[in-house]
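When reading the values below, keep in mind they use all heavy atoms of this one structure, side chains included, and skip hydrogens, waters and symmetry mates. Numbers restart at 1 for each chain; the letters A, B, ... are given by sequence-line order, proteins then strands. Predicted, not measured: the structure shown is a model, and the values here were computed from it.
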2 protein chains.
Amino acid sequence: MSSDKSQDTRSRILDAAWRRLESDDPRKSRMGDIAKEAGISRQALYLHFPSRTELLVATARHLDEVHKVDLRLEASRAATNGIERLDAFISAWANYVPQVYGVARAFIAMMPTDEAAAAAWKDRQRAVRQGCKAAVLALHRDDMLDPEWDTKCATDWLWAHLSVENWERLVRECDWEQEHYVDTIQRIAKQVLIRK
Amino acid sequence: MSSDKSQDTRSRILDAAWRRLESDDPRKSRMGDIAKEAGISRQALYLHFPSRTELLVATARHLDEVHKVDLRLEASRAATNGIERLDAFISAWANYVPQVYGVARAFIAMMPTDEAAAAAWKDRQRAVRQGCKAAVLALHRDDMLDPEWDTKCATDWLWAHLSVENWERLVRECDWEQEHYVDTIQRIAKQVLIRK
DNA sequence: TTTATCGCTTGACATAGTGTCAAGTTAGCG
DNA sequence: CGCTAACTTGACACTATGTCAAGCGATAAA
């Protein structure tokens with residue numbers, strides 16, 4: 001199960017999946033396409049992953065590890081005050097989005113039909129929401145949260161505002177520069193959440 | 001082509017499609033399900049609509065007519081100043097979203113795979129964006145647009161903020177009351193777009 | 001040197017949903 | 001009576017996922 005060769009192939013599959021999902025035509029990310037990209041047969045894929053959903057979940061986790069998401073988000077927890085923390089969290093997450101975009105899109109596409117994919121994606125979303133909540137609570141502790149908001153709704157809004165779909169719309173469809181996106185979202189978040 | 005009976009069946013199909021898309025389990029909106037709901041055979045559907053995509057497009061247009069979207073959005077154009085216009089447009093659109101949600105979700109689900117569905121949905125989106133643009137330009141004419149923004153980016157942001165996905169997240173997933181959603185989005189839009 | 005096992009291949013097949021095709025039925029109408 | 005429009009039934013092609021079975025080659029253990 002965990003021989004060198006098997007592990008090596010597994011990595012090649014995950015890389016191949018990522019490459020296809022990130023490519024020009026992400027519709028060419030069927031099991032056969034990914035297998036071909038990895039240089040193995042379609043059936044061999046199923047020897048490593050029981051389903052497309054599981055493969056995508058593994059690919060997402062793989063990306064998390066490669067890009068050390070934990071560390072990135074950790075940094076925002078180190079901020080000394082609520083505002084810095086908000087900025088740091090937004091910057092950390094918003095700059096990770098472009099790198100998981102391919103995988104995210106695949107999950108979003110599968111959600112309506114695939115129960116398991118929907119669950120996996122929601123789970124990841126929950127983690128982001130957790131970060132939003134922490135940022136909002138930090139603001140609240142500093143008595144910096146605009147009294148128009150309760151912490152629950154503020155978290156909801158921030159989370160929605162940081163969604164992959166929002167990023168997709170602004171950066172991919174409206175051609176915002178990534179940097180402009182991050183700056184603008186930070187500015188708006190502060191403007192909306194922080195007491196005047 | 002335009003006999004009474006044929007037109008009547010067509011309406012029944014559109015109603016049936018809408019009902020299924022809006023139902024508890026919208027995955028049960030396959031061609032067979034919709035046909036059954038309309039009380040005809042699956043094949044008869046294809047006598048009226050050449051494809052599922054075309055059926056959805058027709059359903060969306062049907063809803064637009066039934067709910068008189070043109071009139072609703074017209075009202076926002078009558079506002080005397082930019083701020084009123086922004087409020088009116090947001091209220092008009094945001095209160096229409098719940099009624100097209102089922103159809104919207106179906107389009108969103110088909111987008112990644114179906115070229116024609118993607119085009120049709122983007123076309124509808126363009127219309128909303130047009131409304132956003134008009135509202136932003138009205139603000140700009142009143143010299144009320146925050147100088148942080150140029151009109152293009154302000155339009156982009158407002159459009160993203162009013163997306164169906166955003167509504168879905170806040171109202172369906174986070175359990176906001178529709179009224180609370182509308183009020184909050186209006187408040188934020190003003191806070192973000194209007195010069196201090 | 002034989003034997004077993006692991007990782008993989010090839011090819012056939014089940015399933016679900018869309019869309020096509022062909023032949024037949026039924027109701028209304030001149 | 002016979003025509004036509006609207007619809008039915010049933011078979012089929014296609015695509016993508018996922019399953020199953022048989023076989024093959026290299027490596028490692030007896």
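The separation between Y46(A) atom OH and dT10(C) atom C1' is 16 Å, rounded to whole Å. When the P atom of dC6(C) is taken as reference, atom CZ of R10(A) falls 18 Å away, rounded to whole Å. Distance CG (L55(A)) to P (dT17(D)): 11 Å, rounded to an integer number of Å. Rounded to a whole Å, the CZ atom of R30(A) is 21 Å from the P atom of dA16(C). Rounded to an integer number of Å, the gap from CG of L45(A) to P of dT9(C) is 9 Å. The distance between atom CD of E54(A) and atom P of dG18(D), rounded to the nearest whole Å, is 10 Å. Here the C1' atom of nucleotide dT17(D) and the CD1 atom of I34(A) are 12 Å apart, to the nearest Å. One can place CZ of R52(B) at 19 Å from P of dT15(D), the figure rounded to the nearest angstrom.
Of the candidate nucleotides dA6(D), dG18(D), dT18(C), dG18(D) has the atom lying nearest to any side-chain atom of M31(A). Side-chain proximity of L47(B) to the nucleotides dT9(C), dG7(C), dT8(D) is greatest for dT8(D).
Across all strands shown, I40(A) has heavy atoms under 4.0 Å from sugar-phosphate atoms exclusively, and none from any base. Within 4.0 Å of R27(B), counting heavy atoms only, lies no atom of the nucleic acid at all.
Judged by distance alone with a 3.5 Å cut-off, a donor-acceptor contact links the side chain of Q43(A) to the base of dT19(D). Side chain R42(A) to base dG11(C): no donor-acceptor pair is found below 3.5 Å.
At dC7(D), one or more side-chain N or O atoms of H48(B) fall inside 4.0 Å of OP1 or OP2 (strictly under the cut-off). Between dC8(C) and T9(A), a contact under 4.0 Å exists linking OP1 or OP2 to a side-chain N or O.
Applying the 6.0 Å contact sphere to NE2 of H48(A) captures more than 12 heavy atoms from other residues, nucleotides or ligands.
Judged by distance alone, the side chain of S76(B) and the main-chain N or O of R72(B) form no donor-acceptor pair under 3.5 Å. Between the side chain of H67(A) and the main chain of L63(A), a donor-acceptor pair closer than 3.5 Å is present.
Closest approach of V182(B) to A94(B), counting heavy atoms only: CG2-CB, 4.0 Å.
Using a cutoff of 4.0 Å between basic side-chain nitrogens and carboxylate oxygens, E165(B) and R169(A) are scored as salt-bridged.
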